[in-house]
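Notes follow once the structure below has been shown.
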Amino acid sequence: MPSPVAFLSHADCGRHDTGWGHPEHVGRLRAIPRALRGDPELFAELLHAEPRRATEDEIIGVHDARYVRAVSEVAASGGGHLDADTVASEGSWDAATAAVGCLLDGVDMVVDGRAQRAFCAVRPPGHHALRDRAMGFCLFGNVAIAAHYARAKHGLERVLIVDWDVHHGNGTQALVERERDIRFVSMHQWPWYPGTGAASDRGPHNSVWNVPMPAAHAPDVYLNAFLKAVDAATDGFTPDLLLISAGFDSLAGDPLGGFTLEPWHMAALTTQLVERASSWCGGRVVSALEGGYAPDRLGAACALHMRALAGLTTFGP
Ligand SMILES: [Zn+2]
């Protein structure tokens, strides 16, 4: 029997309280088990696990120690603003370390064979977080930390990170671009927040593929552009692990983006990535939630994304 797909979520991720009216709220996470309950076949297929929280030491190194301790202190003192649109509450340290822990456990599980793939339903998201500061709703670079961890802890050499969130994964890029054997593909709306991610920005080792795209194109245009970049990034580079920054704000109708994807487009993209991962590295994939601000759409798309990760049939319009 093939190894299952792990569904990793941690109750502490709900304790990051961004305040009334903030788009990055706990309702986003609650939509995911709600969608899973509507899909008993998928629910039964998944290996449900609550992972550990990451330790301070596992985050320091990728992030600046002073910044990591500052997040801990702000949370311990009851919370506060970390940047213009990023807040920490009393529960944010536990939430942010749980989010990183989900990713690290996901990596452990796909490497030791307990699972073949994993989806991490986490918040706060991570792909805007910089080495020494929070940004864009993100505290720690969940996926970037996982990439470094996979190499340091498990001795994997080459890691590919792909990011289909509607915003440029500027934090991920900053945290991995100095490492030649971590390659990063980000497709994002352009011009749009955070303003980085030009196609000409390839990082110091040409290990970054940025795919800036206008809003309101037909879905296939986005899918083709993304997969073309993935194929360019893996020309002569065979990943030992694929990490997905799964941002669902690239769905049509998201309040923070202008892309046109439907949940089944994410499933189709996932299937394409799983096929490639199967030829690269025995199908090892760890995917993590990034953005996505229409909770019901987010839940539906996460469920289809997990169906595709599990190799179950997905359905179109
Ligand atoms: Zn986003």
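Just so you know, ligand 1 is whichever comes first in the structure, and atom 1 is the first atom listed for that ligand.
- For residue H128, no N/O/S atom approaches the Zn ion (ligand 1) to within less than 2.8 Å.
- Judged as a ring-ring contact (aromatic ring centres under 6.0 Å, His included), and not counting sequence neighbours, F237 has no contacts.
- Checked against a 6.0 Å centroid threshold, the rings of F43 and H48 count as neighbours.
- The structure places CD of E177 at 14.0 Å from CZ of R183, a figure rounded to the nearest 0.5 Å.
- Here the N, O or S atom of H167 that is nearest to the Zn ion (ligand 1) is ND1.
- Residues in residues 231-260 take part in these salt bridge (charged side-chain N to carboxylate O under 4.0 Å, His left out) pairs, two or more places apart or across chains: R158-D240, D231-R276.
- When distances from the Zn ion (ligand 1) to the N, O or S atoms of D165 are compared, OD1 comes out shortest.
- One of the N, O or S atoms belonging to D249 lies under 2.8 Å away from the Zn ion (ligand 1).
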